[in-house]
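What follows is one structure encoded as structure tokens, with my remarks underneath.
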Amino acid sequence: MRLLSLSILLLAAPGVEVVAYTLDQVEAQFSSYLKLAENGRLSTRGQLPLGCTLACDFLDFALPSQISYPNSTIYSLEESGYWSQQQALTEPTCRFSPKSALDVSFAVLALQVAQCAFAVKSGGHAAFEGASNIQGGMTIDLANLNEITVRSDRTQTAVGAGNIWYDVYTTLQPMGLTVIGGRVSAIGVGGLTLGGGISFFSGRYGWACDNVNNYEVVLADGSIRETAAAINDAFYYLGVNAPSDPYAQVITAYAYAQSVDTYIIASDLQYGKPVANPPILQNFTAVQGAIASTLRIVDQANLTIEFNNTNPGGFRQTYWTLMVGNNADLMADMVAIYMEEIEPLKTVAGIVPSLVFQPITTDMISHFSKNGGNALGLDDQGPLNLVQIDISWSDIADDNRILTAAQKILDGCQAAASAVGLLNKYVYQNYASAGQDVFSGYGQENLARLKAVSAKYDPAQVFQKLQPGYFKLN
Ligand SMILES: Cc1cc2nc3c(=O)[nH]c(=O)nc-3n(C[C@H](O)[C@H](O)[C@H](O)COP(=O)(O)OP(=O)(O)OC[C@H]3O[C@@H](n4cnc5c(N)ncnc54)[C@H](O)[C@@H]3O)c2cc1C
């Protein structure tokens with residue numbers, strides 16, 4: 001019996017992006033702080049109500065011990081960390097040294113509330129004035145984001161954006177490991193990697209930026225993102241790279257887990273040979289943050305049992321589908337649409353709503369023309385992304401709400417795909433809902449052929465009329 005290697009990774013994706021702080025929350029804290037400051041119960045160092053002095057004082061109040069002011073030891077030490085004199089002679093009102101992405105999220109919002117201009121410093125090797133230091137503003141110094149953690153399988157390392165390469169190399173060297181980074185010890189991980197990153201090994205492995213598996217990113221709205229974008233990218237590249245290794249297949253599902261009130265991403269990784277962690281799947285296995293994995297070698301029959309267990313019977317069910325081009329940004333847009341519609345349904349009894357993606361590779365499509373060719377009309381060369389909206393729930397009373405939401409998710413996803421020219425007319429019959437027009441997607445020629453076959457072998461149209469269920473040619 002043929003053996004399969006299977007891994008299911010479940011990645012916690014609360015809100016897909018982790019909303020760390022919101023502007024409203026930080027504004028509210030800022031107002032409270034202003035009231036205290038105006039009443040004189042807090043000593044403020046400067047003029048109210050806006051600007052960098054206030055932003056510095058507010059952060060000093062909200063996140064104690066992370067702000068340093070001129071003439072303090074920490075401020076002077078951090079100012080000495082610039083390579084060029086132009087940058088070292090630049091004096092911000094204060095320097096902020098976050099200890100976590102959450103701190104960065106808070107600061108990014110506080111800076112907006114107080115309208116304070118800021119700079120960000122990693123290794124401080126940008127040469128010109130203002131690149132990573134700011135006169136009179138606030139400089140976010142990443143020095144305390146200095147994690148260096150090698151994953152247990154030794155294939156990747158989590159590196160904080162405030163590290164310099166010397167610290168990275170000297171941590172990894174005793175383990176017989178290295179990464180693709182800078183050639184000068186004091187260059188920062190942040191600047192070098194974001195700009196490109198030519199290393200001693202670039203001839204063989206590319207630039208540093210090509211070797212980053214994923215970034216944890218704080219956006220201007222304070223949200224912290226990582227996991228979902230990395231998974232979507234991995235999915236996209238599987239579609240692109242599939243011709244180099246047709247043994248791999250993937251199903252990636254975004255789902256809401258009601259019991260823990262969180263969204264998760266589950267990637268079912270299958271490989272048609274008993275090989276642990278094959279290279280073509282490593283974009284998935286490299287993504288950090290997995291909360292569960294069932295990676296193992298398993299036979300086909302047992303694998304189908306595992307898959308069956310994730311699709312229990314006895315509930316109310318609905319399936320809807322569309323086909324789109326292979327594109328990671330579009331995946332993110334569709335996930336956002338799905339989440340918006342699921343949000344008001346989170347308390348529906350027994351709800352398990354999923355948005356499921358499967359790569360339809362060029363290899364798969366190439367087989368469609370074998371044995372005389374099939375009638376599906378899927379003539380796009382791909383790679384494509386087969387999208388499935390799959391919701392189960394418990395109570396018949398919720399049917400209308402659920403079906404309305406599913407229709408809205410479908411409409412929204414179709415509109416998003418259409419807007420970027422990536423909507424494919426094909427509708428996969430086996431995942432379609434009863435009202436979807438499956439056969440139009442097969443194309444006029446195929447539909448005419450199917451109707452001709454039906455007329456020839458079923459002249460009274462028994463199967464089209466007397467058996468009304470399922471999809472009909474007319
Ligand atoms: C002596 C010297 C040797 C060099 N050697 C190499 C080399 O071998 N290979 C190579 O490719 N390049 C090299 N460079 C160029 C170097 O990669 C760039 O100057 C790089 O921008 C420096 O990164 P940094 O983090 O040290 O600088 P910084 O001044 O701290 O950062 C540079 C820019 O990136 C931004 N930034 C940094 N981290 C973040 C972050 N986490 N989030 C958002 N923005 C961030 C900063 O705001 C700033 O605008 C060298 C430069 C010098 C001066």
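We number each residue from 1, following the sequence as shown.
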Could you tell me whether the side chain of [X] and the main chain of [Y] form a donor-acceptor pair under 3.5 Å?
X    : Y    : answer
W393 : V352 : no
N311 : F307 : yes
S202 : G206 : yes
N241 : Y237 : yes
Q436 : Y431 : no
D261 : A257 : no
R401 : V348 : no
S105 : A101 : no
Q270 : D268 : yes
T157 : V150 : no

Close side-chain approach of [X] and [Y], heavy atoms under 4.5 Å:
X    : Y    : result
T139 : F118 : no
L410 : Q414 : yes
L355 : F357 : yes
F96  : V104 : no
I360 : I365 : yes
I280 : Y271 : yes

What residues, two or more places apart in sequence or in another chain, satisfy side-chain hydrogen bond (donor to acceptor under 3.5 Å, both in side chains) together with [X]?
X    : answer
E216 : none
N309 : none
E147 : T149

Using atom types as modelled, flag every donor-acceptor pair under 3.5 Å from a side chain in residues 384-392 to any protein atom, sequence neighbours excluded.
none

In terms of side-chain heavy atoms, does N302 have a donor or acceptor partner in E306 at a distance below 3.5 Å?
no
Run the side chain to side chain contact (heavy atoms under 4.5 Å, CB included) check on I402 and I351 step by step: do they pass?
CA-CA 9 Å; I402 298 285; I351 191 169; 3.7 Å; yes
Under the side chain to side chain contact (heavy atoms under 4.5 Å, CB included) criterion, do S454 and Q461 qualify, and how do the steps go?
CA-CA 7 Å; S454 170; Q461 294 289 281; 2.9 Å; yes
Other residues, nucleotides, ligands: >12 heavy atoms within 6.0 Å of [X] [atom1]:
X    : atom1 : value
Y169 : OH    : yes
F368 : CZ    : yes
N430 : CG    : yes

Result block: side-chain N/O donor-acceptor pairs under 3.5 angstrom for residues 462-474, not counting sequence neighbours:
unit_1	atom_1	unit_2	atom_2	d
Q464	OE1	L473	N	3.0
K472	NZ	F463	O	2.9
K472	NZ	Q467	O	2.8
K472	NZ	G469	O	3.1

Tell me which donor-acceptor pairs under 3.5 Å the side chains of residues 327-346 have, and how far apart each pair is, sequence neighbours excluded?
unit_1	atom_1	unit_2	atom_2	d
N327	OD1	D329	N	3.0
N327	OD1	L330	N	2.8
Y338	OH	Y254	O	3.4
Y338	OH	Y256	N	3.3
Y338	OH	P353	O	2.7
E343	OE2	K346	NZ	3.0

Checking side chain to side chain contact (heavy atoms under 4.5 Å, CB included) for the pair V26/Q29: CA distance, chi angles, key distance, verdict?
CA-CA 5 Å; V26 175; Q29 285 199 40; 5.5 Å; no
Quick one: do Y247 and V275 satisfy side chain to side chain contact (heavy atoms under 4.5 Å, CB included)? Show the steps, please.
CA-CA 10 Å; Y247 284 87; V275 174; over 6 Å; no
Hey, what do you get for CD1 (I265) to OG (S354), rounding to the nearest 0.5 Å?
12.5 Å
Residue that, paired with P98, satisfies side-chain contact (heavy atoms from CB on, under 4.5 Å) out of L59, N144, V218, I140:
I140
